[in-house]
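Single-structure report; data block below.
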Amino acid sequence: MPELPEVETSRRGIEPYVVDQKIAGVRIRERRLRWPVDREIDDHLPGQIVTSVDRRAKYLLINTTGGTAILHLGMSGSVFIVDRDTPAGVHDHVDIELESGHALRLRDPRRFGSLHWSDDASNHWLLKDLGPEPLGDEFDGEYLWGRSRGRRVAVKQFIMNAGIVVGVGNIYASESLFLAGINPKRAAGRIALPRYEALADAIRTVLQKSIRAGGTTLRDFYGGDGEPGNFRQELQVYDRADDPCRHCDQPITAIVQGQRATYYCKRCQT
DNA sequence: CTAAGGACCTGTCGGC
DNA sequence: TGCCGACAGGTCCTTA
């Protein structure tokens, strides 16, 4: 489900309820996520004070005085605030209970998400090899160009590789390439610097716009405030197969790359 | 090293 | 109406 804008929307939604709160307890109803929920979560989290809620790539980092809970939402996960006694649904796997009487609830039907504990999150095995944040300073066209030399993989798969740049998922990869006018099938190593500059700009623009709109709700994404994201209406190509291109009226083309759907305009993207 | 495919899960939707 | 396959916002692991 969530790409960077949806995770960021979730982060902003839960932050005011969680920061400065003491964790009263943790209720784990289903431990079998992508990886079993770290046992250390049960032992270390209760009693901690939350100091901040950060995001790295698509991970939510719940920082406390004694360590960090590292939460990933996978394909179908969401986090939201409930009153502590709110009955749990079938896929509500974890509650982090707060002394305020609220609880941070993790729901994840497909269980591709994860929950780890670390006292040095940036060196955690899930995080240590990630590429730069697309909205950060080290990410630009020159960086992408440099990393892409000699690579034959399609540029769409290249920008979805978290070792290259984080946070660009299946929706925003298609959207960014449309905005930059680049054919998603083009080999990453055969794209010149100026086009990578356009692409880096496009990635930043698309992600920022989506964050401003509260993310993209295709079916079941709701931010921490319970509201769906509004960016769906602004999608140019994603999920628009056979619909007219918003620039040239040509029908949008759908293909499959790396077992994922890709959408693009054959006329506008070369 | 790179690239491609499989694996992990449940829910929903379209077609027959 | 009911069943069945295809597909879904992610990403690690294995294999070549």
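Below, chains carry the letters A, B, ... as their sequence lines are ordered, and counting in each starts from 1.
- Comparing C:dC7 with B:dG5, their P atoms are spaced 15 Å from each other, to the whole Å.
- With sequence neighbours left out, A:Glu8 forms a side-chain hydrogen bond (donor to acceptor under 3.5 Å, both in side chains) with A:Arg11, A:Arg12, A:Arg55.
- Taking a pair as Watson-Crick or G-U wobble with both distances under 3.5 Å, DNA chain C forms stems of 3 or more consecutive pairs at B:2-8 with C:10-16, B:10-16 with C:2-8.
- Between the C1' atom of C:dC12 and the NZ atom of A:Lys58 lies a distance of 13 Å, rounded to the nearest Å.
- Summarising the geometry, the separation between CZ on A:Phe221 and C1' on C:dG9 is reported as 10 Å, rounded to the nearest angstrom.
- Residues meeting the salt bridge (charged side-chain N to carboxylate O under 4.0 Å, His left out) test with A:Arg152, sequence neighbours left out: none.
- Checked for salt-bridge contact, A:Asp249 and A:Arg267 miss the test: no charged N lies under 4.0 Å from a carboxylate O.
- Residue A:Ala162 is out of contact with every strand shown, counting any heavy-atom pair closer than 4.0 Å.
- Sorted by residue number, the members of residues 109-116 of chain A with any non-hydrogen atom under 4.0 Å from DNA chain C read A:Arg110, A:Phe112.
- A donor-acceptor pair under 3.5 Å links the side-chain atoms of A:Glu30 to the main chain of A:Arg32, judged by distance alone.
- For DNA chain B, the outermost nucleotides in 5' to 3' order that have an atom under 4.0 Å from a heavy atom of chain A are B:dT2 to B:dG11.
- With A:Asp140 contributing its side chain and A:Tyr143 its backbone, the two residues share a donor-acceptor pair below 3.5 Å.
- A:Arg27 meets the salt bridge (charged side-chain N to carboxylate O under 4.0 Å, His left out) test with A:Glu97; sequence neighbours excluded.
- A:Tyr59 comes within contact range of the sugar-phosphate backbone alone, with a heavy-atom separation under 4.0 Å but no base atom that close.
- In terms of position on DNA chain B, the residue among A:Arg32 and A:Gly258 whose nearest nucleotide sits closer to the 5' end is A:Gly258.
- Nucleotides C:dT11 and B:dT12, compared at atom C1', are 23 Å apart to the nearest Å.
- If you measure from atom CG of A:Leu73 to atom P of C:dG10, you get 11 Å, rounded to the nearest angstrom.
- Using a 4.0 Å cut-off between charged nitrogen and carboxylate oxygen, A:Arg111 and A:Asp108 do not count as a salt-bridge pair.
- Residues of residues 118-134 of chain A having a heavy atom closer than 4.0 Å to DNA chain B: none are found.
- Between A:Arg260 and C:dT11, a side-chain N or O to OP1/OP2 separation shorter than 4.0 Å is absent.
- Spacing between atom NZ of A:Lys156 and atom C1' of C:dG10 amounts to 12 Å, rounded to whole angstrom units.
- Note: CG (A:Leu218) to C1' (C:dG10) measures 14 Å, nearest angstrom.
- For the pair A:Arg149 (side chain) and A:Gly189 (backbone), a donor-acceptor distance under 3.5 Å is present.
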Output side-chain donor-acceptor pairs under 3.5 Å for residues 58-67 of chain A, partner residues at least two apart or in another chain, one line each.
residue: A:Asn63; atom: OD1; partner: A:Thr68; partner atom: OG1; Å: 2.8
residue: A:Asn63; atom: ND2; partner: A:Ser52; partner atom: OG; Å: 3.0
residue: A:Asn63; atom: ND2; partner: A:Asp54; partner atom: OD2; Å: 3.0
residue: A:Thr64; atom: OG1; partner: A:Gly66; partner atom: N; Å: 3.1
residue: A:Thr64; atom: OG1; partner: A:Gly67; partner atom: N; Å: 3.2
residue: A:Thr64; atom: OG1; partner: A:Gly67; partner atom: O; Å: 2.8
residue: A:Thr65; atom: OG1; partner: A:Gln48; partner atom: OE1; Å: 3.1
residue: A:Thr65; atom: OG1; partner: A:Ile49; partner atom: N; Å: 3.4

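- Side-chain atoms of A:Val237 and A:Thr253, non-hydrogen and from C-beta on, never get closer than 4.5 Å to each other.
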Exercise. Could you go through the side chain to side chain contact (heavy atoms under 4.5 Å, CB included) check for A:Leu33 and A:Leu106 one step at a time?
Key: CA-CA 11 Å; A:Leu33 305 184; A:Leu106 169 64; 4.1 Å; yes
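- Atom CG in A:Asp108 sits about 13 Å away from atom P in C:dG10, given to the nearest Å.
- Residues passing the ring-ring contact (aromatic ring centres under 6.0 Å, His included) test with A:Tyr263, sequence neighbours excluded: A:Tyr238.
- Annotation: side chain of A:Ile211 is in contact with side chain of A:Leu135 (closest heavy-atom distance under 4.5 Å).
- Against DNA chain B, the stretch residues 174-181 of chain A makes no heavy-atom approach under 4.0 Å.
- Going from atom CG of A:Leu33 over to atom C1' of C:dC12 covers 15 Å, rounded to whole Å.
- In this structure, CD1 of A:Ile164 is placed 17 Å from P of C:dG10, rounded to the nearest angstrom.
- Below 30°, between 30° and 60°, or above 60°: for A:His247 and A:Phe178 the angle between ring planes is between 30° and 60°, a tilted geometry.
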Identify every side-chain donor-acceptor pair in residues 162-173 of chain A under 3.5 Å, counting partners at least two apart or on other chains, and give the distances.
residue: A:Asn170; atom: OD1; partner: A:Lys156; partner atom: NZ; Å: 2.5
residue: A:Asn170; atom: ND2; partner: A:Ala261; partner atom: O; Å: 3.1
residue: A:Tyr172; atom: OH; partner: A:Glu6; partner atom: OE2; Å: 2.5
residue: A:Tyr172; atom: OH; partner: A:Ser210; partner atom: OG; Å: 2.6
residue: A:Tyr172; atom: OH; partner: A:Thr216; partner atom: OG1; Å: 2.7

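- Residues A:Arg240 and A:Arg246 are in side-chain contact: their nearest non-hydrogen atoms beyond the backbone lie under 4.5 Å apart.
- When heavy atoms are screened at a 4.0 angstrom cut-off, A:Tyr238 is found touching the sugar-phosphate backbone but no base atom.
- Remark: A:Arg31 engages A:Asp42 in a side-chain hydrogen bond (donor to acceptor under 3.5 Å, both in side chains) (not counting sequence neighbours).
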